[in-house]
There are 2 protein chains.
Amino acid sequence: MIRCSKCGQVHAITKSGVVRGKQRYYCKDCRVYFTIPPVTGIHSDDYDKTAASRPGHIATILDIARALNISKSTVSRALQGHTDIKEETREAVVNMARQLDYQPNLLAKSLVRSKTNTIGIIVPEFVNSFFPTVIIGAQEIAGEAGYNVLICQSQESVRTEIANTQALLASRVDGVIISMTRETSNFDHLRVFERHGIPIVFFNRTCEQIAASRVFVNDYEGAFAAVEHLIVNGYKKIAHIGGPSGLRLSQNRLKGYLDALKQHRLPVNDKWIIQHDLTKENAWNCAEKLLSPQKRPDAIFCVNDPAAIQTLLYAKRKGIKVPEEVGIVGFSDDPISSIIEPQLTTVKQPVSEMGKIAMRILLEHIEKGMGQYSPFDTILPTSLIIRQSSVRK
Amino acid sequence: MIRCSKCGQVHAITKSGVVRGKQRYYCKDCRVYFTIPPVTGIHSDDYDKTAASRPGHIATILDIARALNISKSTVSRALQGHTDIKEETREAVVNMARQLDYQPNLLAKSLVRSKTNTIGIIVPEFVNSFFPTVIIGAQEIAGEAGYNVLICQSQESVRTEIANTQALLASRVDGVIISMTRETSNFDHLRVFERHGIPIVFFNRTCEQIAASRVFVNDYEGAFAAVEHLIVNGYKKIAHIGGPSGLRLSQNRLKGYLDALKQHRLPVNDKWIIQHDLTKENAWNCAEKLLSPQKRPDAIFCVNDPAAIQTLLYAKRKGIKVPEEVGIVGFSDDPISSIIEPQLTTVKQPVSEMGKIAMRILLEHIEKGMGQYSPFDTILPTSLIIRQSSVRK
DNA sequence: GTGAAAGCGCTAACAT
DNA sequence: ATGTTAGCGCTTTCAC
């Protein structure tokens with residue numbers, strides 16, 4: 001509350017410019033200009049170093065500036081490597097920064113630049129090795145380009161995925177890389193990124209409804225090759241444990257499976273195509289459902305390796321011989337696949353590469369800026385790794 | 001109350017210097033500079049939405065305020081659920097927020113609050129399942145408490161670890177959970193957190209030199225039990241593939257190994273204690289070194305499961321029968337351990353629990369504030385999972 | 001080559 | 001119950 005220096009009143013006070021760094025006030029009643037005298041006699045010039053070195057304080061450019069008796073702007077410019085700063089000044093600043101343990105406040109920088117240099121990544125889980133491996137690849141590229149990565153797990157829940165998108169928006173990430181949950185069928189929550197000009201790149205579990213770049217493997221060909229391989233090895237009654245029908249990946253792997261059967265004039269048996277929700281437990285149940293009946297298939301093509309591994313374990317548990325009685329092929333080349341016995345035949349995909357490529361594309365989009373790029377698909381090749389689970393001796 | 005000379009609005013006005021003794025103002029909406037004219041002009045109440053709805057713009061509280069013709073503060077308070085806000089106003093604000101797709105800018109909030117509600121986690125890698133599992137646990141607890149998590153991989157490199165600490169500091173995380181690299185022996189880079197009052201909690205690979213809380217398992221007992229189990233099962237020439245000597249964990253597991261041998265009056269053979277750098281390749285080499293000579297051990301206790309798995313694979317490759325010719329025990333209960341054949345006997349540790357506990361302790365420390373808490377250790381129990389790799393039929 | 005000042009979006013102390 | 005103001009730490013005109 002400001003009082004007039006003459007009449008002591010508060011009601012007729014307005015601000016009136018600034019003199020020597022102090023706010024000047026004007027009392028309309030008294031027609032008098034005045035400033036607020038400092039409470040203590042100490043002039044603000046003598047900078048109290050204790051303030052900056054109080055426990056926990058992280059030095060700011062202001063601390064550096066005061067210590068060197070120069071301005072914030074100069075410090076800022078020196079630290080950024082601005083060209084028109086005297087070499088001598090720059091050195092002094094850099095040294096003082098080191099001395100004061102200065103660490104730039106990215107929050108402030110990001111706020112003023114409207115750029116966080118942070119990429120959000122949303123993955124359904126990281127229990128299995130697939131997503132961690134993608135993240136490692138993505139993080140490598142991001143790091144090289146000076147970007148940080150904010151990792152979110154949706155835990156295969158759309159609710160969590162929505163919360164993740166909000167968290168990323170609130171953190172003002174510059175871009176997003178996402179592989180959706182198995183249950184995502186409405187994509188409205190992802191449109192906020194579109195609306196705000198934040199580029200998205202989908203990978204693995206992609207989305208047709210949103211105009212964004214996508215990176216995935218040729219699921220159709222991979223599946224086709226896997227099933228054809230089973231056929232060539234003499235399997236005739238081939239079943240399929242498919243993924244959630246909402247995922248493009250499931251649809252394409254299913255299509256590859258069906259086409260391979262058709263092309264080789266093998267019958268398609270609806271009872272032998274079952275849907276798997278991608279949980280470990282359900283994979284076991286699927287295996288049970290397929291392998292229990294008397295009239296059971298002689299081979300199973302699984303939508304991914306975790307499912308194939310559970311199937312293999314189930315068969316072993318039940319004493320069903322693999323590959324003699326039943327052949328099994330998975331998808332992904334999980335590290336476990338080469339360790340389990342019999343070793344699992346699988347469709348290998350370039351996992352870490354997928355993360356790298358997704359990140360490269362995203363950074364490109366960010367660089368170009370909203371509306372200045374066109375989304376595109378990158379389809380990576382797969383290769384069939386033939387091991388023991390699908391080859392009768 | 002100052003209104004823009006052009007649009008008549010009050011909310012987009014800021015001061016902009018002084019001209020001829022008059023305060024100059026600036027309207028952000030109209031991008032117009034003006035001073036107060038002697039006569040009050042006409043003002044219009046219709047707020048030009050185009051400014052706020054230009055493509056890419058993320059609504060701020062100012063947009064909400066303008067749309068409702070109230071002040072920023074009221075919006076801020078309404079959004080925070082402040083008690084002394086008229087119910088009607090709050091509803092209007094919340095609705096407008098939804099309508100404008102408002103998402104609070106955490107950068108700004110964190111900047112002003114000096115609190116980011118973000119926890120940094122540094123782990124050496126996440127190729128193996130151990131660290132991802134810890135992170136999942138930690139993230140669960142953090143999420144419940146309204147905290148986000150920033151994950152860094154040091155890739156077992158001190159250089160990267162240092163970069164990680166700087167990144168976390170720059171992001172002004174409220175606390176740090178860390179498991180060090182295998183080569184970290186100087187801890188100066190971690191002291192910045194100490195200096196700035198940012199609490200750290202170590203887990204698994206901990207550090208004595210820094211006063212911070214630590215969470216780890218009883219490595220000594222786990223190792224002792226594992227080796228004793230081998231002895232009880234008739235193994236007499238027991239080797240040890242140990243971890244990097246700098247890690248407390250390696251030391252304690254080694255000590256447990258040695259004490260078990262001593263207690264059972266078995267000889268300690270220096271050639272049978274070799275150090276492993278925790279890479280996959282090196283594990284294989286260690287196995288080779290131990291199992292190649294004529295006079296080879298009849299059992300190996302490995303510092304962790306990845307090493308034990310490589311050892312087992314090596315033995316299989318060389319046709320050395322496990323557990324008949326050589327018994328193997330690991331540490332961690334990696335998912336692969338129950339799948340590989342023969343199944344691996346291992347010392348199980350509560351992995352996800354470790355992450356949860358570390359996070360709970362850290363949040364507690366953060367809550368209490370610098371100097372208001374004392375660091376302490378939490379030692380979790382292990383349990384021996386006896387499988388096939390260590391039991392002769 | 002350097003400084004002054006505005007402003008990024010928000011909260012909070014202080015006024016009404 | 002609501003508005004005004006001053007920062008949080010930084011970058012970036014603009015002025016000299």
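Naming convention: chains lettered A, B, ... in sequence-line order (proteins, then strands); numbering from 1 in each chain.
- For A/T116 and A/D174, the side-chain atoms include at least one donor-acceptor pair closer than 3.5 Å.
- Note that CZ of A/R66 is 11.0 Å distant from CD1 of A/I61, once rounded to the nearest 0.5 Å.
- For A/I85 and C/dG3, the CD1 to C1' distance is 11 Å, given to the nearest whole Å.
- Distance check, rounded to the nearest 0.5 Å: CD1 of B/I162 to CG of B/L190 gives 8.5 Å.
- Close to C/dA12, at under 4.0 Å from its OP1 or OP2, lies a side-chain N or O of B/Q80.
- Straight-line distance from the CZ atom of B/R113 to the C1' atom of D/dC8: 12 Å, rounded to whole Å.
- To the nearest angstrom, C1' of C/dT11 lies 15 Å from NZ of B/K115.
- Note: CZ (B/R66) to P (D/dG3) measures 15 Å, nearest angstrom.
- For the pair B/A108 and B/S73, both in contact range of DNA chain D, the more 5′-proximal nearest nucleotide belongs to B/S73.
- Counting to the nearest Å, the P atom of C/dT11 and the CG atom of B/L62 are 13 Å from each other.
- Residue A/T89 is in sugar-phosphate contact alone, with no base atom involved, counting any heavy-atom pair closer than 4.0 Å across all strands shown.
- No engagement by A/S114 is indicated, since no non-hydrogen atom pair under 4.0 Å with the nucleic acid exists.
- Residue B/L111 contributes atom CG, which lies 9 Å from atom C1' of D/dG7 at whole-angstrom precision.
- Nucleotide C/dT2 holds its C1' atom 12 Å from the NE2 atom of A/H82, rounded to whole Å.
- For the pair B/L79 CG and C/dA12 P, the interatomic distance rounds to 13 Å; values are reported in whole Å.
- Summary of the strand contacts: B/R77 and B/L107 both lie near DNA chain C, and taking for each the nucleotide with the nearest heavy atom, the more 5' one is attributed to B/L107.
- Nearest heavy-atom pair across A/L79 and A/A97 is CD1-CB, 4.4 Å.
- Side-chain N or O atoms of B/N95 include none that pairs as donor or acceptor with a backbone N or O of B/A92 at under 3.5 Å.
- Look at B/S71 and you'll find a side-chain N or O under 4.0 angstrom from OP1 or OP2 of D/dG3.
- Considering only side-chain N and O atoms, A/K72 lies nowhere under 4.0 angstrom from the phosphate OP1 or OP2 of D/dG9.
- Nearest to the side chain of B/K109, among D/dG3, D/dT2, C/dT11, sits C/dT11.
- Contact annotation for A/I61: base contact, defined as any heavy-atom pair under 4.0 Å involving a base atom.
- Among the atoms of the strands shown, only primed sugar atoms or phosphate atoms (P, OP1, OP2) are found under 4.0 Å from some heavy atom of B/N105.
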